[in-house]
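Accompanying notes for the structure given below.
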Amino acid sequence: MNSAAVVNFAPEKGSVEIREIPRPEIGNEDVLLEVANVGVCGSDLHQWTADHSWPVNYPVVLGHEFGGHIAALGKNVKGWKEGDRVVSETAAVIDKENPMTKQGLYNLDPTRKGFGYGVNGAMTRYVKVPARCLHNVPNSLSFEQACLTEPCCVAFNAVVGNGNIKPGDRVVVLGPGTIGILCAAMARLCGAEVAIVGLEADKGRLKIAEENYGCTPIIKDATPWAFERDGLGADMVIDAAGVSITLKNAINLVRPNGHISKVGWGKDPLGFSLDPLVQKNATLQGSFSHNWPIWERVIALLTSGALNVKPIIGGVWGIEDWHEAFEKMHKGEVVKSILKPV
């Protein structure tokens, strides 16, 4: 039985199309997941526009933010049953013997392959998922929200796991995309004052951050806000934009002994000196992906309502309408597009 899938088939720009693919064969440790909803990530857009900086196993079905019902189980899978409501982590292939995996940091295993670039992802009806990736979704949490667990985990790790945020801190978030807004929301949950920075074209997304998450929206220059308290700069800057200039801005905005969390990807060279970072004695921290305890914590936040992702959902599209969903997100007309395979 074949299903429609959104397939990235080549490295050239625009090499994404609908293809019919067979139902996956699962192994003994896997489940077959029937996808209820799958979020469109900025990385999906980057592969579509061919400005990504990671290896892709072409052709590949896109999509790594997903949840649904278990349709079948491999013979060695314990603790799950058909019909269970679940979301899946992204680390589809890991080396169990890698030192990072043995520490529980399998997200940092250099051989890790993720859904949507290393193996087939979830922009289709059925996806093969290792049972170790699964997390239970309570009945009270809709899949439209639960499928955004993954970007929420990215934000949690950038702000909490790889940050040192404290109540009362001043935090500047550069970039009002999905990850930027979720980082801002997470920093607010931690008790920080948060400004989120974008361009003139980002006004709609900045307004969402202001009205729903209590952030201060800023067009272009956050210097006055960052320095107004004591003239030294922001306690923490989160670079969720990825272009080189935003890291330079982050270094200018952070206070001495402050913290920069870089979560945005950008393949271009920097082209500026890091001496101000040295002079400020500031920490520049990369933040990549997430692991099991982060997923459990984020699902709890979503279920309790402490973290509400409804405001960033710009619409739900069928798989056949993937192009419109991608375009609207790419142009910044919506923060997050979601696809519904069935």
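This chain uses plain numbering: 1 for the first residue, then up along the sequence. All values below were derived from every heavy atom in this structure, side-chain atoms included, with hydrogens, water molecules and symmetry-related copies excluded.
Here the two rings, on Phe143 and His69, have centers that are under 6.0 Å apart. You'll find the ring centres of His323 and Trp317 outside the 6.0 Å limit.
In terms of modelled atom types and a separation under 3.5 Å, the side chain of Ser15 and the main chain of Asn8 share no donor-acceptor contact. Between the side chain of Asp109 and the main chain of Tyr106, no donor-acceptor pair closer than 3.5 Å is present. Listed for the Tyr213 side chain is no donor-acceptor partner under 3.5 Å among the backbone atoms of Met186.
Taking all atoms of both residues into account, the shortest heavy-atom contact from Cys183 to Ala158 is SG-CB, 4.1 Å. For Pro138 against Ile299, the heavy-atom pair with the smallest separation is CD-CG2, 4.1 Å. Taking all atoms of both residues into account, the shortest heavy-atom contact from Ala185 to Leu307 is CB-CD1, 4.0 Å. Of all the heavy atoms in Cys147 and Pro151, the pair that sits closest is O-CD, 4.3 Å.
Test Arg188, Arg170, Lys166 against Glu193 for salt bridge (charged side-chain N to carboxylate O under 4.0 Å, His left out) and you get one pass: Arg170. Among Arg112, Lys113, Glu150, the single residue meeting the side chain to side chain donor-acceptor pair (under 3.5 Å) criterion with Thr90 is Arg112. Here the options are Leu206, Ile219, Ile218, the test is side-chain contact (heavy atoms from CB on, under 4.5 Å), and the partner is Val197; only Ile218 passes.
Within a 6.0 Å radius of CZ in Arg19, more than 12 heavy atoms belonging to other residues, nucleotides or ligands are found. Other residues, nucleotides and ligands contribute only 12 or fewer heavy atoms inside 6.0 Å of the CD atom of Gln279. Applying the 6.0 Å contact sphere to CD of Glu25 captures no more than 12 heavy atoms from other residues, nucleotides or ligands.
Counting only N and O atoms by type, the side chains of Asp239 and Thr246 include a donor and acceptor under 3.5 Å apart. Using a 3.5 Å distance cut-off with no hydrogens or angles, the side chains of Ser289 and Asn107 do not pair a donor with an acceptor. One side chain, Asn76 or Glu29, offers a donor N or O that lies under 3.5 Å from an acceptor on the other.
Side-chain heavy atoms closer than 4.5 Å link hydrophobic residues (I, L, V, M, F, W, Y) into clusters, and following such links, even through other members, never connects Val86 to Tyr126. Linking Ile, Leu, Val, Met, Phe, Trp and Tyr whenever their side-chain heavy atoms come within less than 4.5 Å leaves Ile338 and Phe115 in two separate clusters.
In this pair, His135 and Trp295 present their aromatic rings parallel. The plane angle is below 30°, not in the 30 to 60° band. The aromatic rings of His52 and Trp54 sit tilted, their planes meeting at an angle between 30° and 60°.
Interatomic distance, CD of Glu89 versus CG of Leu134, reported as 9.0 Å (0.5 Å rounding). Here the CG atom belonging to Asn157 is positioned 3.5 Å from the CD1 atom belonging to Ile294, to the nearest 0.5 angstrom.
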| request: Kindly determine whether Trp322 and Asp44 satisfy side-chain contact (heavy atoms from CB on, under 4.5 Å), including the steps that lead there. | output: CA-CA 11 Å; Trp322 71 271; Asp44 297 314; over 6 Å; no

| said: Test side-chain contact (heavy atoms from CB on, under 4.5 Å) on Leu189 and Val160; report intermediate values, then the result. | reply: CA-CA 10 Å; Leu189 277 178; Val160 182; over 6 Å; no

| Could you walk me through whether Asn252 and Lys248 pass the side-chain contact (heavy atoms from CB on, under 4.5 Å) check? | CA-CA 6 Å; Asn252 291 335; Lys248 186 177 183 182; 4.2 Å; yes

